[in-house]
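What follows is one structure encoded as structure tokens, with my remarks underneath.
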Amino acid sequence: MPIRPILRYPHPGLKTLCKPVTAFVASLPALADDLLATMPAAPGVGITAAHIVVFLRVTVLELDRADGVRLYVNPQITWRSQETMNHAEGSVSMPGAIEEVTRPRGIRFRYQDAGGIVHEEAAEGFLAICVQHEVDQLDGIFWLQRLSRLKRERLVKKWEKTQG
């Protein structure tokens, strides 16, 4: 369970479309363990394999310790509510940069577990926001792309100043 290096914005790997997992082998739980070890060091509540330069559709979330870790393999959103909500978002690839993003309040999504079994779930609120954020990353959409051009440029300029 080593802590792995995380790609930093503006690395082009953050715009990479991740490939579906097709072989559910012993290395998949090891990848999930590495993601789980790396995420709090970032810090964050979610991380994708793409963040550690493994371009497969794998993500883990840990919204709080009581709820536990969620592993999603090949997640895809199948429905989005019309009702939206705003939530402050950031990325493990851009530590300290936070901005409000508008996303659907509720979603339904399909994913596989480490054994390849397909599951379907509905999510609302914070969980829905987090799943959408991570699925975007797996689709090669870095969260900044969800901001207006003005907000994005302002945030990037501010973040670059903090990077020296």
Side-chain angles (χ1 to χ4, degrees), residues 1-65 67-80 87-99 101 103-104 107-121 123 126-147 152 155-156 159-160 162-163:
M1 260 184 13
I3 295 174
R4 308 265 293 265
I6 296 173
L7 290 181
R8 294 289 184 219
Y9 176 82
H11 193 284
L14 296 170
K15 293 183 178 181
T16 300
L17 176 63
C18 294
K19 295 179 180 176
V21 172
T22 57
F24 290 81
V25 294
S27 60
L28 190 57
L31 173 60
D33 286 345
D34 287 356
L35 288 169
L36 188 58
T38 303
M39 184 175 60
V45 296
I47 190 169
T48 68
H51 286 111
I52 61 169
V53 199
V54 177
F55 298 107
L56 293 173
R57 294 187 70 80
V58 178
T59 188
V60 296
L61 293 176
E62 186 176 31
L63 306 185
D64 63 50
R65 295 223 182 247
D67 194 33
V69 176
R70 300 165 185 257
L71 168 66
Y72 300 120
V73 180
N74 299 326
Q76 61 183 129
I77 297 170
T78 57
W79 175 85
R80 291 172 171 84
H87 196 276
E89 293 187 28
S91 173
V92 296
S93 291
M94 205 174 181
I98 297 171
E99 185 57 74
V101 178
R103 295 190 185 266
I107 61 168
R108 283 197 280 278
F109 64 107
R110 179 180 302 121
Y111 66 94
Q112 291 169 280
D113 61 25
I117 297 170
V118 176
H119 300 269
E120 292 191 37
E121 281 187 33
F126 187 51
L127 176 58
I129 297 296
C130 292
V131 170
Q132 291 173 84
H133 178 100
E134 302 306 340
V135 169
D136 270 358
Q137 186 63 64
L138 296 173
D139 289 341
I141 301 169
F142 194 61
W143 74 283
L144 292 179
Q145 293 171 261
R146 297 291 182 197
L147 301 175
R152 181 173 51 247
L155 182 66
V156 168
W159 186 77
E160 286 172 342
T162 68
Q163 301 307 297

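This structure is a prediction, so every number in the text was calculated from the model and none was measured.
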When rounded to the nearest 0.5 angstrom, what is the spacing between CD in Glu89 and CD in Glu99? 10.5 Å
Would you check if Tyr72 and Glu121 make a side-chain contact, meaning some heavy-atom pair closer than 4.5 Å? yes
Can you run down the salt bridge (charged side-chain N to carboxylate O under 4.0 Å, His left out) pairs that involve residues 4-17, sequence neighbours left out, and say none if there aren't any? Arg4-Asp34
State which residues pass side chain to side chain donor-acceptor pair (under 3.5 Å) with His11; sequence neighbours excluded, sorted by chain then number. none
So, using salt bridge (Lys or Arg N to Asp or Glu O under 4.0 Å) as the criterion, who are the partners of Arg146 when residues are at least two apart? Asp136
For Pro75, is there any backbone N or O sitting under 3.5 Å from a side-chain donor or acceptor partner on Arg57? yes
Compare every heavy atom of Leu155 with every heavy atom of Ala97, then report the nearest pair and how far apart it is. CB-CD1, 4.1 Å
Distance-minimising heavy-atom pair for Phe24 and Gly115: CD2-C, 4.0 Å
Is there a side-chain contact between Asn74 and Gln76 in this structure, where contact means two heavy atoms from C-beta onward sitting under 4.5 Å apart? no
Mind running side chain to side chain contact (heavy atoms under 4.5 Å, CB included) on Tyr9 and Ser91 for me, showing each step along the way? CA-CA 9 Å; Tyr9 176 82; Ser91 173; over 6 Å; no
Within the distance-only criterion (no hydrogens, no angle test), does the side chain of Thr59 pair as donor or acceptor with the backbone N or O of Ile47 below 3.5 angstrom? yes
Which atoms form the tightest heavy-atom contact between Ile3 and Ala37, and what is the distance? CG1-O, 3.6 Å
So do Thr48 and Cys18 actually touch side chain to side chain, heavy atoms under 4.5 Å? no
Is any side-chain heavy atom of Leu147 closer than 4.5 Å to a side-chain heavy atom of Leu144? yes
Leu61 versus Leu127: any side-chain heavy-atom pair under 4.5 Å? yes
Heavy-atom pair with the smallest gap, counting every atom of Ala49 and Leu31: CB-CD2, 4.2 Å
Output yes when a side-chain donor or acceptor of Asp139 lies under 3.5 Å from a complementary backbone atom of Ile141, and no otherwise. no
Expected output: side-chain Gln132 to main-chain Pro104 donor-acceptor under 3.5 Å: yes
Heavy atoms only: give me the nearest Phe109-Thr78 pair and the separation to one decimal. N-OG1, 3.9 Å
Side chain Trp159, main chain Ile98, donor-acceptor under 3.5 Å: no
For side chain to side chain contact (heavy atoms under 4.5 Å, CB included), just list the numbers for His51 and Leu7, CA-CA rounded to whole Å, side-chain angles, deciding distance to a tenth of an Å, and then say yes or no. CA-CA 5 Å; His51 286 111; Leu7 290 181; 5.8 Å; no
Under 4.5 Å between any side-chain heavy atoms of Gln137 and Leu14, yes or no? yes
Side-chain heavy atoms of Leu71 within contact of Asp113, under 4.5 Å: no
What one should report as the nearest heavy-atom pair of Cys130 and Val45 is SG-CG2, 4.2 Å
For the atom pair CG (Leu56) and CG (Leu28), what is the distance rounded to the nearest 0.5 Å? 8.5 Å
With side chains defined as the heavy atoms from C-beta onward, is the minimum distance between His87 and His133 less than 4.5 Å? no
